[in-house]
Amino acid sequence: MRTLLLAALLLAAPPALAARPTPAAALLVDAATFRAALPDVAANLRLERAGTQQVARLERSNAQLRLTGADGAEFTANGSAADAFAFRLLQLALSATPPAAAFAELDCRLPATHLGLFLFAHPDESLIVDRVGSLQTCWVGLETEIARPREWAVNHAGQLWIVRIATYTDAANGWFPERLDVVRNGEILLTATVTAVAPTPGDLPPLVAPVANPIALPAPTVPSERTTTPSPLRLPL
């Protein structure tokens, strides 16, 4: 009788208990949900690299991401392998692709392993993140509780590359990155700042290329103290 009762209890147990995801897998699901919540978006960006500034426009719709320059042409790297990989990482951080699929595009399998809590230290913002993945291959750092991505890291060609999302823009209620730094072995190679964000490109202000050699305006003159000897006071008439 006890055997039949135990068998009945096992059959009645909900199957979800056996398939409950691990904490790391649950974090990755939450991160994928966060990125999918804002699938279609457009943004103007200011890019800083090697002491130069450029502007670019991002269009993200139907899980596709397009980056164009001020002339409307597809944005390309400067030809170096490092610059090309930096832009690949930037696009990874700006896309709506789930973390595992995003890293797969970089030929890195993201393991669903919880690495623990780490300090995300940045001059603009500092907080604690949950890291999921592998310190030897690739990992993603997520804010606790809301799983908002803050760092994407991958070991590539013997070097550690990290995209650090310093801030999220208030214009999108915190759903879209505002400042991103692409770092190689501790050196910032590329910084992207979102200057405007909207649902469609037509809602954005015109994309204006930065002035190459801006004209310096003269400094405003400030009246100085009088150093001449004042004239003697007159007697009243």
Point to revise | Student check: side-chain heavy atoms of Val41 and Pro199 closer than 4.5 Å | key: no
Practice item. Might you confirm whether atom CD of Glu74 has over 12 heavy atoms from other residues, nucleotides or ligands at distances under 6.0 Å? Key: yes
Check your understanding: Would a hydrophobic clustering, with Ile, Leu, Val, Met, Phe, Trp and Tyr connected at side-chain separations under 4.5 Å, put Ile188 with Leu89?
Key -> no
Exercise for review: Kindly compute the distance separating CG (Leu189) from CD (Glu187), expressed to the nearest 0.5 Å.
Suggested key: 5.0 Å
Exercise for review: State, with a plain yes or no, whether a side-chain heavy atom of Trp139 is found less than 4.5 Å away from one of Trp152.
Suggested key: no
Check your understanding: Would Arg57 and Glu59 pass as an ion pair if we require N to O under 4.0 Å?
Key -> no
Point to revise | Check against side chain to side chain contact (heavy atoms under 4.5 Å, CB included), Phe103 and Val140 | key: CA-CA 9 Å; Phe103 277 114; Val140 58; 4.2 Å; yes
Point to revise | Minimum heavy-atom distance between Ala166 and Asp124, given as atom pair plus value | key: CB-OD2, 3.9 Å
Review point. Heavy atoms, side chains only, cut-off 4.5 Å: are Pro149 and Arg35 in contact?
Key: yes
Check your understanding: When you measure from the side chain of Thr195 to the backbone N and O of Asn44, does any donor-acceptor pair fall under 3.5 Å?
Key -> yes
Practice item. Tell me, with the steps shown, if Thr191 and Asp181 meet side chain to side chain contact (heavy atoms under 4.5 Å, CB included). Key: CA-CA 5 Å; Thr191 294; Asp181 296 326; 2.9 Å; yes
Study note, to complete from the structure: CD1 of Ile162 to CD1 of Ile165, rounded to nearest 0.5 Å, is 12.5 Å
Study note, to complete from the structure: All heavy atoms of Trp175 vs all of Ala37, minimum pair found to be CZ3-CB, 3.5 Å
**Study point:** NE2-CG distance between His114 and Asp130, expressed to the nearest 0.5 angstrom
**Key:** 3.5 Å
Practice item. Using the side-chain hydrogen bond (donor to acceptor under 3.5 Å, both in side chains) rule, take Asp203 and Thr200 through it: C-alpha gap first, then chi angles, then the decisive distance, then the call. Key: CA-CA 6 Å; Asp203 298 319; Thr200 66; 2.7 Å; yes
Practice item. Report the C-alpha separation of Cys138 and Leu106 in whole Å, then their side-chain angles, then the decisive distance to 0.1 Å, and conclude whether the side chain to side chain contact (heavy atoms under 4.5 Å, CB included) test is met. Key: CA-CA 10 Å; Cys138 53; Leu106 299 177; over 6 Å; no
Exercise for review: Heavy atoms only: give me the nearest Pro21-Ala26 pair and the separation to one decimal.
Suggested key: CB-N, 4.4 Å
**Study point:** Hphob cluster co-occupancy, Val182 + Leu65, side-chain heavy atoms under 4.5 angstrom
**Key:** yes
Point to revise | Shortest non-hydrogen separation from Phe120 to Arg150 and the atoms involved | key: CE1-O, 3.5 Å
Review point. Within 45 degrees of the axis of the six-membered ring of Phe34 and under 6.0 Å from its centre: does Arg148 put its NZ or CZ there?
Key: no
Exercise for review: Output yes when Arg88 and Glu105 qualify as a salt bridge under the 4.0 Å nitrogen-oxygen rule, no when they do not.
Suggested key: no
Exercise for review: Kindly say whether Val29 contributes a backbone atom to a donor-acceptor pair with the side chain of Thr33 at under 3.5 angstrom?
Suggested key: yes
Point to revise | Pairwise distance CG(Leu204) to CG(Leu207) - rounded to 0.5 angstrom | key: 8.5 Å
**Study point:** Basic-acidic side-chain contact under 4.0 Å: Asp40, Arg60
**Key:** no
**Study point:** CA sep, side-chain torsions, deciding dist, call: Gln54, Arg46, side-chain hydrogen bond (donor to acceptor under 3.5 Å, both in side chains)
**Key:** CA-CA 6 Å; Gln54 295 172 286; Arg46 183 177 69 249; over 6 Å; no
Study note, to complete from the structure: d(Phe176 CZ, Tyr168 OH) to nearest 0.5 Å is 9.5 Å
Revision key, fill the gap. CG of Leu28 to CG of Leu110, rounded to nearest 0.5 Å, is 5.5 Å
Review point. Should Ser134 and Arg109 be marked as a side-chain hydrogen bond (donor to acceptor under 3.5 Å, both in side chains) after you check the CA-CA gap, both sets of side-chain angles, and the distance that decides it?
Key: CA-CA 9 Å; Ser134 168; Arg109 178 183 173 274; over 6 Å; no
**Study point:** Heavy-atom side-chain proximity of Gln64 to Ser95 below 4.5 angstrom
**Key:** no
Review point. Are the side chain of Asn155 and the backbone of Gln136 linked by a donor-acceptor contact shorter than 3.5 Å?
Key: yes
**Study point:** Residue Asp71 excluded, over 12 heavy atoms near CG under 6.0 Å
**Key:** yes
Practice item. Determine whether the side chains of Thr169 and Arg179 contain a donor N or O and an acceptor N or O closer than 3.5 Å. Key: no
Review point. Hey, are the side chains of Leu135 and Leu115 touching, using non-hydrogen atoms and a 4.5 Å cut-off?
Key: yes
Check your understanding: Does any non-hydrogen side-chain atom of Leu92 lie less than 4.5 Å from one of Phe87?
Key -> no
Study note, to complete from the structure: In short, Ala43 meets Leu45 closest at the heavy-atom pair O-CD1, 3.6 Å
Exercise for review: Please check if Leu38 and Leu142 belong to a single hydrophobic cluster, counting links between Ile, Leu, Val, Met, Phe, Trp and Tyr side chain heavy atoms closer than 4.5 Å.
Suggested key: yes
Exercise for review: Could you check Val129 against Glu151 for side chain to side chain contact (heavy atoms under 4.5 Å, CB included), going step by step and ending with a plain yes or no?
Suggested key: CA-CA 9 Å; Val129 296; Glu151 56 182 16; 3.9 Å; yes
Review point. If you look at every heavy atom in Ala192 and Leu90, which pair is closest and at what distance?
Key: CB-CD1, 3.8 Å
Review point. Same cluster or not: are Val183 and Leu180 linked, directly or through other Ile, Leu, Val, Met, Phe, Trp or Tyr residues, by side-chain heavy atoms under 4.5 angstrom apart?
Key: no
